[in-house]
Amino acid sequence: MTRDFSSSLNPSQLEAVYATEGPVLVIAGAGSGKTRTIVYRLAHLVEQGVSPSSILLLTFTRKASQEMLQRAADLLGEGRGLARVQGGTFHAFAYGMLRRHTPPGWPDRLTVIDRSDAESLIREAKAELGFGKGDRSFPKASTILDNVSKSRNKEFALRDILSNESFHLLPYADEIETLGDTYDRKKRACGMLDYDDLLFALETLLRSDEELLTNVRRRFEHVMVDEYQDTNLVQARLVELIAGKGGNVMAVGDDAQSIYSFRGANVQNILSFPQVFPGARTIRLERNYRSTQPILGFTNQILAQSRLLFEKKLWTEDEGGPTPQIIRPLSDLSQARLVAGKIVELRKEHPPGEIAVLFRAGYQSYHLEVELNKLGIRFAKFGGLKYTEAAHIKDVLSFVRILRNPSDTPSWHRVLAPIKGVGPKTSARLVTSLLSGDREYVDSWRKKRPELDALLGFLDELRSREYSPGTLLEQIVKFYTPQLEERYPDDYPRREAGLEELLQIAAGYKELDLFLADLSLENPEPRGGEREEVVTLSTIHSSKGLEWNAVCIIDLIEDRFPSRHAMNRVEEFEEERRLLYVACTRARKYLALFVPKAVYRRGKETTEPATASPFVREIPGEYYEEWQENYTGGLSQTKGAPEYRRPPSALNPPQQRTKPSGTPGAAASAPPPPAPDPSTMGFCNHKVFGRGKIVAVIPPDKYRVNFPGFGLKVILAQYLEMEGEQGRQSG
DNA sequence: TGATTGGTCCTTTTT
DNA sequence: GGACCAATCA
């Protein structure tokens, strides 16, 4: 029995739903009903008699896959076994496979390590090799890890990564390479897989075991991959391996929403899908069901200014609705107050669950969080630091991890550190002695420090019994709580609540391995109770795939959005633009961008003027209203589009902020800074920043350039177009 | 020798 | 607020 979905879906969506044989690529613009299409396709497959357990649904988060499965189940009615659909992230799927089959080159008990574990291992390696002693500019563990990981994800030699993206680290290339190798050896020795290993180890496994590969291919008759524009090379190869060349595989994505190239995501995957899977059918979903025309007009403008071309023309029939607003608070501090006020106002019209505040980086919401707490507005925050990274959570988990893997040295250091008189050195010796059976050293310390005796006794007690994750955690928390209160006298109640949450999560697991892996691979939520409807605060990256009636985006100023780290290369700059595009397209009915006029500088106790983000400056005035915060409080409109969409006639060039000019003539030309080599001075052009003055030469191949409106930048020569000799002569 | 303390710098995004 | 280092303390 097959149902007719034609009343619920448009023709392109229907085509995607019914195209179940062979490879299919769906290019789905923002808000084009992508999720709906996947849900209906799942339902259709099952109605066709495909067994749910032979469908593999790879998504960006497990939450996304669960939501799709739930909706498909709602559509079909319960009892269709949709829970048996295999789904989740590539990483979680890989771990599931690797738990059952040991890949060549790895021991058979494998643990997943997260970012901070990986950094600890690098630090360990650094100390062992004696690198960077006394050298303040030696790269930090996290920088080293960034580059090592980038090299793997992009599959470029480390040296190429360094010279393309972090040329200042080139002098350390040899050391970084050695550290990377040592890090790799350490992981393999104790069976620790980092995020990248999960993918590569699965690939190695599938390539090394033909029988397994055949079984996997037979098992998954249908493979569906969401957010395909954010997959990297190894993920694309995994899809190819699992589906097979002519297999039934559907990739869904949107090249305009690619925002993960920093971790190796490759838009090329989506573009070359038709070549990799010959005979692939390409279907485009371009009708937008999410946003009103004013919002769509605004978001189309963001892409229209792109230096890299995207052919995207989303359209909608939803004409009405308010014009997007650009709101200019006096500073980022008053921005927090204004946003909180805006939320209060929006709540009159929308439930709290339909309101979101988005930002580029986790720390940008701190002021707002304080403000919301003051007003008693409940919110949930996504992205930024994970709560598993909080010190007390890591402390408690260290106990668990030692039980699982006694050679987990970073965890030993954590649990031993609070003992008086034990620093890194002693702790390392203690661990070696414990593991090698050198009782003498250990016993002498046990006599000296009763805490150590108690700690080891406690661990032995835990080891002697097989506790469920929940009970185990309970014991550990009981043991740990006195320490907690001593160490964090100010805010231990908050931390205790966090541990309580951890207990809730643990209680949902039967196997310790899975509990630990999920903590690293997913963001599990404490179970029990209906999730209360609250306002969402989220990084843009974490907002991917979600939508709200009302969306506010904050801190749209230079250095914050685009991030100052993303200003060196055109590709990075353009990714920031897509990020803003993703953020704005989350909104259904109301969209506001906050552009503070000044930012508060910590430490200096002053505010400094801020420049509006170039993305905002580029948008033609007829697409938004502008409001500014008054000194007397409140907002007043400074620029407006009373009726929507006047013909985009003479585009106003982005207005330069009027400066308080005391000396009118001299203000325009900045005094020329001292140049190391006057013969190279001159002007140059950059794709993103425009015309700038060369201020200094940085050998071998960089220039420091002053770009009006952007400030000083260090740029590789290859990205600059020098103005010719003749131009200089005449100037 | 190794632990502790105080000062300085930086602080993107995620599996 | 944390990571890292140098100086100081046991």
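On a predicted model such as this, the values are computed, not experimentally measured, just so you know. A, B, ... follow the sequence lines: proteins, then strands. Residue 1 opens every chain.
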Inset, instruction - Could you check whether Tyr260(A) gets within reach of a base, just the sugar-phosphate, or nothing at all, counting any heavy atom under 4.0 Å? - result: sugar-phosphate
Legend entry - Test ring-ring contact (aromatic ring centres under 6.0 Å, His included) applied to Phe60(A) - qualifying residues, sequence neighbours left out: Tyr260(A)
Inset, instruction - Determine the interplanar angle of the Tyr172(A) and Phe138(A) rings, folded into 0 to 90°, and report it as parallel if under 30°, tilted if 30 to 60°, perpendicular if over 60°. - result: perpendicular
Inset, instruction - Specify the separation, in whole Å, of atom CZ of Phe382(A) and atom P of dT15(B). - result: 12 Å
Inset, instruction - Verify the distance criterion only: is there a donor paired with an acceptor across the side chains of Gln335(A) and Asp555(A) at less than 3.5 Å? - result: yes
Inset, instruction - Could you state the atom-to-atom distance from OH of Tyr363(A) to P of dG1(C) in whole Å? - result: 16 Å
For nucleotides 7-10 of chain C, tabulate all protein N/O to nucleotide N/O atom pairs closer than 3.5 Å, reporting atom names and distance.
none

Legend entry - Nucleotide dT14(B), atom C1' - distance to CZ of Arg360(A) in whole Å: 11 Å
Legend entry - Below 4.0 Å: OP1/OP2 of dT12(B) and any side-chain N or O of Thr539(A): no
Inset, instruction - Report which part of the nucleic acid Ser142(A) touches: base, sugar-phosphate, or nothing (heavy-atom distance under 4.0 Å, all strands). - result: nothing
Inset, instruction - Nearest whole angstrom, please: distance from the P of dT14(B) to the CG of Asp194(A). - result: 18 Å
Legend entry - N/O donor-acceptor pair, side chain Arg263(A) with base dT15(B), under 3.5 angstrom: no
Inset, instruction - Compare side-chain N and O positions of Arg123(A) against OP1 and OP2 of dC4(C) and report whether any pair is under 4.0 Å apart. - result: yes
Legend entry - Near-parallel close stack of Phe262(A) and dT13(B) base (under 5.5 Å, under 30°): yes
Inset, instruction - Could you tell me whether Glu574(A) and Arg578(A) make a salt bridge, using a distance below 4.0 angstrom between a side-chain N and a carboxylate O? - result: no
Inset, instruction - Nearest whole angstrom, please: distance from the P of dC9(B) to the NZ of Lys140(A). - result: 13 Å
Inset, instruction - Return the minimal non-hydrogen interatomic distance between Gln257(A) and Gln229(A), and the atom names on each side. - result: O-NE2, 3.5 Å
Might you list the N or O atoms of the protein lying below 3.5 Å from N or O atoms in nucleotides 1-4 of chain B, with each pair's distance?
{"from": "dA3(B)", "atom 1": "OP1", "to": "Gly423(A)", "atom 2": "N", "distance (Å)": "3.0"}
{"from": "dA3(B)", "atom 1": "OP1", "to": "Thr426(A)", "atom 2": "N", "distance (Å)": "3.2"}
{"from": "dA3(B)", "atom 1": "OP1", "to": "Thr426(A)", "atom 2": "OG1", "distance (Å)": "2.1"}
{"from": "dT4(B)", "atom 1": "OP1", "to": "Gly421(A)", "atom 2": "N", "distance (Å)": "3.3"}

Legend entry - Arg188(A)/Asp184(A) salt bridge by N-O under 4.0 Å criterion: yes
Inset, instruction - Give a yes or no on whether the backbone of Gly253(A) and the side-chain of Asp226(A) come within a donor-acceptor separation of less than 3.5 Å. - result: no
Legend entry - OG1-CD1 distance between Thr231(A) and Ile270(A), expressed to the nearest 0.5 angstrom: 7.5 Å
Inset, instruction - Check whether any side-chain N or O of Thr61(A) sits under 4.0 Å from OP1 or OP2 of dT15(B), and answer yes or no. - result: no
Legend entry - Pair Asp194(A) + Arg152(A): basic N to acidic O under 4.0 Å: yes
Inset, instruction - Kindly confirm whether the side-chain ring of His565(A) is stacked on the base of dT12(B), judged by centres under 5.5 Å and planes under 30°. - result: yes
Inset, instruction - Specify the separation, in whole Å, of atom CG of Asp197(A) and atom P of dT15(B). - result: 17 Å
Legend entry - Interatomic distance where CG belongs to Leu202(A) and P belongs to dT15(B) [whole Å]: 19 Å
Inset, instruction - Take the protein atom NZ of Lys150(A) and the nucleotide atom P of dT14(B), then report the distance between them rounded to whole Å. - result: 14 Å
